[in-house]
Amino acid sequence: MSINRYLDGPFAPVTEEVTAFDLPSTGTVPRELAGRYLRIGPNPVRVHEPAAYQWTMGAGMVHGVRLRDGRAEWYRNRWVRSPSVSAQLGEEPKVVGGSPWGFAPNVQVVEHSGHTIALVEGGPPPYAMTYELDTVGESDLGRTPAGFCANAHSKVDRSTGELHSVAIQFGVEYVQHIVTDRGGVVRRAVDIPVPGNPNMHDFALTDNHVVLFDTPFVFSVERLGKGQVPVEWDHDRPTRVGVLPRTGAVPTWIETAPCEVSHVLNAYEMGAEIVIDLIVAPAHADITDVFGVPRTLERWRVDTAAGIVHRTGIDDRPQDFPRMNGLREVRPHRYGYTAGTELYRGASVLAQRPEAAYRNALLKHDLERGRTETHEFGADAAVSEPVFVPCAAPKTEDDGYIMTFVHNPIRGAADLVILAAQDFDGEPVARIHLPGRVPLGFHGNWIPDE
């Protein structure tokens with residue numbers, strides 16, 4: 001066992017890049033799926049001090065599977081080639097004279113303006129990659145004169161094709177709302193004063209508003225200097241919800257009980273209310289262990305007229321990485337999908353509390369009926385974020401597929417698992433067998449070929 005659990009078990013980094021074609025599978029890969037399933041996460045090239053290694057600071061590696069005509073054509077995993085990564089690999093740098101950050105983004109991978117883009121928040125620039133996941137170089141996506149860029153949870157407005165970002169830079173006492181058009185050109189950038197450097201990892205988007213979350217979870221220069229997770233709790237700080245008109249410069253701030261906002265499932269407007277389903281953690285939970293924080297799913301109704309946030313628990317089981325049918329974004333939704341996060345504690349916890357069967361599982365929340373279905377994968381089958389892919393001609397909101405990487409303990413390698421969302425707890429539609437492990441990481445997307 002490693003002295004750092006983020007270098008061991010399901011988090012252990014892989015040591016080489018692999019290219020494999022015509023991947024074996026069980027079940028039937030739906031022929032209507034034509035595109036790439038991509039996921040990114042930390043994967044350091046070298047670890048010089050294992051005890052001091054901080055998982056969130058590991059160089060980004062993208063894993064991808066390309067589907068077409070009912071088969072898996074290829075699997076690739078590639079490091080994002082920042083100058084520091086290239087130097088550690090003994091290669092000529094892809095980026096000559098790049099930004100001083102030298103950091104390989106590791107939080108999100110998206111497609112915008114015809115490019116595959118690796119993203120991170122806090123200041124480092126995005127990186128562009130080819131269809132086959134080779135690094136092109138630093139991207140100007142969302143870049144403003146002040147140096148802000150698209151952030152890790154930038155959101156596309158499907159009606160306009162615009163990319164909305166709420167970009168933060170650690171050490172700067174404001175954030176920027178950036179609107180980037182279909183071609184990747186910044187059309188608007190608005191400075192929003194936010195003192196105290198809150199770690200604003202995600203935000204919400206509605207038809208008319210951008211919703212910000214200013215929480216007591218703040219950036220710490222002191223912790224960064226010690227090589228620790230560079231965030232901490234500010235015990236004197238409330239949580240504030242900022243409601244910013246899409247075209248405005250001044251948000252309305254509404255206070256609520258202190259907490260950390262992890263990720264947003266979706267948000268939409270109902271008259272003077274904004275409804276937000278999101279993942280939160282209780283204030284002052286131990287954040288030194290990233291996946292040790294007990295995050296749960298809540299619904300917030302933000303009454304902008306009364307200046308009140310009404311909070312209701314939806315599911316109190318530890319979970320994160322919420323996703324939904326993207327065709328319902330900024331509109332009322334019925335279903336949400338999350339990953340049970342206590343799975344990251346491993347089989348030993350299952351042995352101590354076998355009744356907690358949702359570990360190593362995905363959850364499907366029916367928010368209209370108040371019911372939750374569970375798809376269990378078994379002990380040691382570490383599961384990643386669920387991604388919803390609608391059918392070609394969907395008849396209902398959940399008419400589609402759930403895709404995710406799952407560790408297969410029998411093979412000692414990962415599978416790309418495809419579930420039918422309407423038969424959530426049934427047998428997978430297909431399991432595509434990858435040639436190696438995919439360490440637990442952060443976020444990803446299905447990027448269709450059209």
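For clarity, every value in this text was computed on a predicted model and none was experimentally measured.
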Engineer: Using a 3.5 Å distance criterion without hydrogens, assess whether the side chain of N360 forms a donor-acceptor pair with backbone atoms of G378.
Structural biologist: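 Answer holds: yes.
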
Engineer: Do you know which of N151, V175, I192 makes side chain to side chain contact (heavy atoms under 4.5 Å, CB included) with M200?
Structural biologist: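 Among N151, V175, I192, the one that satisfies the side chain to side chain contact (heavy atoms under 4.5 Å, CB included) with M200 is V175.
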
Engineer: Taking atom types as modelled, is there a side-chain donor on E17 or N77 under 3.5 Å from an acceptor on the other?
Structural biologist: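 Distance-only check fails for E17 and N77.
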
Engineer: Is the closest side-chain donor-acceptor distance between T180 and R143 under 3.5 Å?
Structural biologist: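 The criterion, which ignores hydrogens and geometry beyond distance, is not satisfied for R143 and T180.
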
Engineer: Just say parallel, tilted or perpendicular for the rings of Y337 and F388, cut-offs at 30° and 60°.
Structural biologist: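 Parallel: the ring planes of Y337 and F388 meet at under 30°.
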
Engineer: Write down the atom of L362, the atom of S384, and the distance for their closest heavy-atom approach.
Structural biologist: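 Where L362 meets S384 most closely, the heavy atoms are CD2-O, 3.6 Å.
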
Engineer: Less than 6.0 Å separating the ring centroids of Y37 and F405?
Structural biologist: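 Ring centroids of Y37 and F405 are less than 6.0 Å from each other.
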
Engineer: Rounded at 0.5 Å granularity, tell me how far OG1 in T296 sits from CD in Q319.
Structural biologist: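 Answer rounded to 0.5 Å: 7.0 Å.
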
Engineer: Taking all atoms of both residues into account, what is the closest heavy-atom pair of R237 and P216, and its distance?
Structural biologist: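 For R237 versus P216, the nearest heavy atoms are O-CG, 3.1 Å.
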
Engineer: Is the backbone N or O of A167 less than 3.5 Å from a side-chain atom of S165, with the two atoms forming a donor-acceptor pair by type?
Structural biologist: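 No, because the side chain of S165 does not come within donor-acceptor range (under 3.5 Å) of the backbone of A167.
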
Engineer: With T144, which residues qualify under side-chain hydrogen bond (donor to acceptor under 3.5 Å, both in side chains), at least two apart?
Structural biologist: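 Checked T144 against side-chain hydrogen bond (donor to acceptor under 3.5 Å, both in side chains); matches are Q176.
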
Engineer: Using modelled atom types and a 3.5 Å cut-off, is there a donor and acceptor pairing between side-chain atoms of R36 and backbone atoms of Y131?
Structural biologist: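 Yes, because the side chain of R36 sits within donor-acceptor range (under 3.5 Å) of the backbone of Y131.
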
Engineer: Which class fits the ring pair H201 and H153: parallel under 30°, tilted 30 to 60°, perpendicular over 60°?
Structural biologist: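 Judged by the thresholds at 30° and 60°, the geometry between H201 and H153 is perpendicular.
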
Engineer: Verify, without hydrogens or angle tests, whether K364 (side chain) and A421 (backbone) share a donor-acceptor contact under 3.5 angstrom.
Structural biologist: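 Yes, the answer is positive, given that a donor and an acceptor are paired below the 3.5 Å cut-off.
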
Engineer: Taking atom CD as the centre, does E173 end up with more than 12 heavy-atom neighbours from other residues, nucleotides or ligands that are less than 6.0 angstrom away?
Structural biologist: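 Correct, the count exceeds 12.
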
Engineer: Would the distance check show the side chain of T239 and the main-chain N or O of C259 forming a donor-acceptor pair, the cut-off being under 3.5 Å?
Structural biologist: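 Pair found, side chain donor or acceptor close to backbone of C259.
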
Engineer: Write down the atom of Y401, the atom of C391, and the distance for their closest heavy-atom approach.
Structural biologist: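 For Y401 and C391, the tightest heavy-atom pair comes out as CE1-SG, 4.0 Å.
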
Engineer: Take a 6.0 Å sphere around CD of E427 and say whether it holds more than 12 heavy atoms from other residues, nucleotides or ligands.
Structural biologist: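 No, because the 6.0 Å sphere around CD of E427 holds 12 heavy atoms or fewer from other groups.
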
Engineer: Donor-acceptor pair, N197 side chain versus F170 backbone, under 3.5 Å?
Structural biologist: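 Side chain of N197 to backbone of F170, a donor-acceptor pair under 3.5 Å: no, none is there.
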
Engineer: For D415 and V406, indicate whether the former's side chain and the latter's backbone hold a donor-acceptor pair under 3.5 Å.
Structural biologist: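 Between the backbone of V406 and the side chain of D415 there is no qualifying donor-acceptor contact (under 3.5 Å).
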
Engineer: If you measure from CG on D234 to CZ on F217, what distance do you get to the nearest 0.5 Å?
Structural biologist: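 It comes to 12.5 Å.
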
Engineer: Are Q108 and N445 close enough that a side-chain donor and a side-chain acceptor fall under 3.5 Å?
Structural biologist: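 The answer is yes; a qualifying pair exists.
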
Engineer: We want to know whether D320 and S262 form a side-chain donor-acceptor pair, criterion being a heavy-atom distance below 3.5 angstrom.
Structural biologist: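 A donor-acceptor contact under 3.5 Å links the two side chains.
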
Engineer: How far apart are the closest heavy atoms of H443 and V109, and which atoms are they?
Structural biologist: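 Nearest pair, atom of H443 first, then V109: O-CG1, 4.3 Å.
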
Engineer: Just by distance, with hydrogens left out, do T215 and R240 show a side-chain donor and acceptor under 3.5 Å apart?
Structural biologist: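 Checked: T215/R240 side chains show no N/O donor-acceptor pair below 3.5 Å.
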
Engineer: What about F321 and H263, are their ring centers closer than 6.0 Å?
Structural biologist: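 Ring centres of H263 and F321 closer than 6.0 Å.
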
Engineer: Is there a side chain to side chain contact (heavy atoms under 4.5 Å, CB included) between R311 and V280 once you walk through the steps?
Structural biologist: CA-CA 11 Å; R311 295 172 54 177; V280 302; 4.2 Å; yes

Engineer: Honestly, is R66 close enough over Y75, meaning NZ or CZ under 6.0 Å from the six-membered ring centre and within 45° of the axis?
Structural biologist: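 No, R66 does not lie over the aromatic ring of Y75.
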
Engineer: Output yes when a side-chain donor or acceptor of E385 lies under 3.5 Å from a complementary backbone atom of G444, and no otherwise.
Structural biologist: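 It does hold such a pair.
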
Engineer: Just do the side chain to side chain donor-acceptor pair (under 3.5 Å) check on S139 and H115 with the steps written out, would you?
Structural biologist: CA-CA 9 Å; S139 169; H115 297 92; over 6 Å; no

Engineer: To the closest 0.5 Å, what do you measure between OG1 (T404) and CD1 (I402)?
Structural biologist: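 Answer rounded to 0.5 Å: 9.0 Å.
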
Engineer: Looking at every non-hydrogen atom in both residues, tell me the closest pair between P13 and Y6 and how far apart they are.
Structural biologist: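 In this case the closest contact between P13 and Y6 is CD-O, 4.4 Å.
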
Engineer: Under the criterion side chain to side chain contact (heavy atoms under 4.5 Å, CB included), I'd like the reasoning laid out for I447 against V110: C-alpha separation, chi angles, the key distance, then a yes or no.
Structural biologist: CA-CA 8 Å; I447 301 176; V110 301; over 6 Å; no

Engineer: For E397, enumerate each residue passing the side chain to side chain contact (heavy atoms under 4.5 Å, CB included) test, keeping only those at least two apart in sequence or located in another chain.
Structural biologist: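 Side chain to side chain contact (heavy atoms under 4.5 Å, CB included) check on E397 returns N325, R328, H333, R334, Y335.
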
Engineer: Parallel, tilted or perpendicular: which one describes the rings of W55 and F11, with boundaries at 30° and 60°?
Structural biologist: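 If you compare the ring of W55 with that of F11, the planes turn out perpendicular.
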
Engineer: Where is the tightest heavy-atom contact between L133 and R76, given as atom of each residue plus distance?
Structural biologist: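 In this case the closest contact between L133 and R76 is CD1-O, 3.8 Å.
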
Engineer: Got more than 12 heavy atoms from elsewhere within 6.0 Å of NE2, H433?
Structural biologist: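 Yes, enclosed.
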
Engineer: For E298 and W300, which I'm curious about, is there any donor-acceptor pair between the side chains at under 3.5 Å?
Structural biologist: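 A pair is found: one side chain offers a donor N or O, the other an acceptor, under 3.5 Å apart.
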
Engineer: Decide whether Y53 and H48 meet the rule of one side-chain donor and one side-chain acceptor closer than 3.5 Å.
Structural biologist: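 No, no side-chain donor-acceptor pair sits under 3.5 Å.
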
Engineer: Measuring from atom OG1 of T312 to atom CZ of R299, what distance do you get when rounded to the nearest 0.5 angstrom?
Structural biologist: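 CZ of R299 is found 8.5 Å from OG1 of T312.
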
Engineer: Ignoring hydrogens and geometry, is there a side-chain-to-backbone donor-acceptor pair from R78 to T135 under 3.5 Å?
Structural biologist: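 Flag not set: sc R78 to bb T135 has no pair under 3.5 Å.
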
Engineer: Ignoring hydrogens and geometry beyond distance, is a side-chain donor-acceptor pair present between N266 and D277 at under 3.5 Å?
Structural biologist: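 Side chains of N266 and D277: no pair found under 3.5 Å.
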
